[in-house]
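For reference, the structure discussed in these notes is given below.
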Amino acid sequence: AVLDDCLDLAMLAPCSSGLQPWEFYVVKSADKKKRLVKACMSQLAAKTAAELIVCVARMDRVNAFSKQMLRDWPMPDVPPLVKRYYQLIPYNYTPGPLNSFALVKKAAFAAGGLIAPVPRGPCTRAEVRLWAAKSTALACENLVLALRAHGYDSCMMEGYDEVRVAKLLGLDDDQAFPIMVIGAGMRAEDGVFWPQVRFERELFVHEV
């Protein structure tokens, strides 16, 4: 019940254009859990976790979810500008064969940018991949904060074999890819190995 609530809270994360390009795979099968631990290099955060959740970003739902956004719009009437925006999104996020559409769009944006501020992407496949990853990472953060609010701890792992994890989940790795594996459960008394290390604030915060 706690994990279900945390997943619901994760899906309330902010996301670009409300398109929610994420999925969460809660690994319950003992065999798949064993294989996932191995894919995570058998690190302690995976081996000792009560729950393992794989957070996946998807690039292939832009068209369908743009239409669903219009169907599920929270007000009786969709404003014309909003309707037009979601009708155009699939074209904006389609790179085309060998990024052919992306190159045309980039040229158009560059020309328009000489006159006024314009969005510069995502155009290429790599940019769409980054777009999906950014929104999914926000949902991952929501998930671990929700777990902590319930009194549980978590560890976000990037140390895993992405190919093996994708195969384990049956993902089409051209359109869906793991962002991180999250181990969750009760913290052991020796579960934190050392105090958190952070460098000087001046390295990161700038006023311009």
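Note: hydrogens, waters and symmetry copies are ignored here, and every other heavy atom, side chains too, is used.
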**OP:** Test Leu7 against Leu143 for side chain to side chain contact (heavy atoms under 4.5 Å, CB included), laying out the working first.
**Re:** CA-CA 6 Å; Leu7 289 165; Leu143 177 56; 4.1 Å; yes
**OP:** Take Thr94 and Asn63 through the test side chain to side chain contact (heavy atoms under 4.5 Å, CB included) and record every step on the way to the result.
**Re:** CA-CA 9 Å; Thr94 301; Asn63 195 350; over 6 Å; no
Original post:
Going through the checks in order, is the side chain to side chain contact (heavy atoms under 4.5 Å, CB included) test met by Glu202 and Val205?
Top reply: CA-CA 6 Å; Glu202 291 74 19; Val205 181; over 6 Å; no
**OP:** In sequence, state the C-alpha distance, the side-chain angles, and the governing distance for Leu70 and Trp73, and then conclude on side chain to side chain contact (heavy atoms under 4.5 Å, CB included).
**Re:** CA-CA 5 Å; Leu70 292 175; Trp73 192 253; 5.5 Å; no
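Crowding of Leu114 atom CG: a count of heavy atoms from other residues, nucleotides or ligands under 6.0 Å exceeding 12. Atom NZ of Lys38 has 12 or fewer heavy atoms from other residues, nucleotides or ligands within 6.0 Å. By the neighbour-count criterion of 12 heavy atoms within 6.0 Å, atom CZ of Arg84 is sparsely surrounded, having that number or fewer from other residues, nucleotides or ligands. Heavy-atom neighbours of Arg35 CZ from other residues, nucleotides or ligands within 6.0 Å: above the threshold of 12. More than 12 heavy atoms of other residues, nucleotides or ligands shown are found within 6.0 angstrom of CG on Leu203.
Taking CG from Leu169 and CD from Glu23, the interatomic distance works out to 9.5 Å, rounded to the nearest 0.5 Å. Between atom CD1 of residue Ile179 and atom CZ of residue Arg58 there is a gap of 13.0 Å, rounded to the nearest 0.5 Å. Between the CD1 atom in Ile53 and the NZ atom in Lys28 there is a gap of 8.5 Å [rounded to 0.5 Å]. In this structure, the separation between CG on Leu147 and CG on Leu3 is 6.5 Å, given to the nearest 0.5 Å. With rounding to the nearest 0.5 Å, the separation of OH in Tyr25 from CG in Leu168 is 10.5 Å. For the atom pair NZ (Lys106) and CG (Asn99), the distance works out to 9.0 Å, reported to the nearest 0.5 Å.
Scanning all heavy atoms of the two residues, the minimum distance from Asn142 to Ala10 falls at CB-CA, 3.6 Å. Taking both residues in full, the closest heavy atoms of Ala46 and Cys40 are given as CB-CB, 3.9 Å, listed atom of the first, atom of the second, then distance. Between Val56 and Ala176, the shortest heavy-atom distance links the atoms CG1-CB, 4.0 Å. In terms of heavy atoms, Arg125 sits closest to Gln175 at NH2-N, 4.4 Å.
Between Leu19 and Ser135 the shortest side-chain heavy-atom distance does not fall below 4.5 Å. Taking the side chain as every heavy atom from C-beta outward, Arg148 and Asp153 approach each other to under 4.5 Å. With a 4.5 Å cut-off on side-chain heavy atoms, Val2 and Cys6 count as touching. Annotation: side chain of Leu36 is not in contact with side chain of Lys32 (no heavy-atom distance under 4.5 Å). Counting only heavy atoms from C-beta outward, the side chains of Ser17 and Tyr85 approach each other to under 4.5 Å. Using a 4.5 Å cut-off on side-chain heavy atoms (C-beta onward), Pro122 and Leu130 make no contact.
Gln20 places a side-chain N or O within donor-acceptor distance of the main-chain N or O of Gly18, the cut-off being under 3.5 Å. The backbone N or O of Asn92 lies less than 3.5 Å from a partner atom in the side chain of Lys105, making a donor-acceptor pair. Side chain of Gln68 to backbone of Ala64: no donor-acceptor contact under 3.5 angstrom is found. Remark: side-chain polar atoms of Thr136 are paired, donor with acceptor, to backbone N or O of Pro21 under 3.5 angstrom. Of the possible donor and acceptor atoms, one in the side chain of Gln43 sits under 3.5 Å from a partner among the backbone N and O of Gly159.
Listed by first and then second residue, the ring-ring contact (aromatic ring centres under 6.0 Å, His included) pairs that reach into residues 101-132 are Tyr93-Trp131, sequence neighbours excluded. Pairs of residues two or more places apart, or lying in two chains, never qualify as ring-ring contact (aromatic ring centres under 6.0 Å, His included) while including a residue from residues 152-208.
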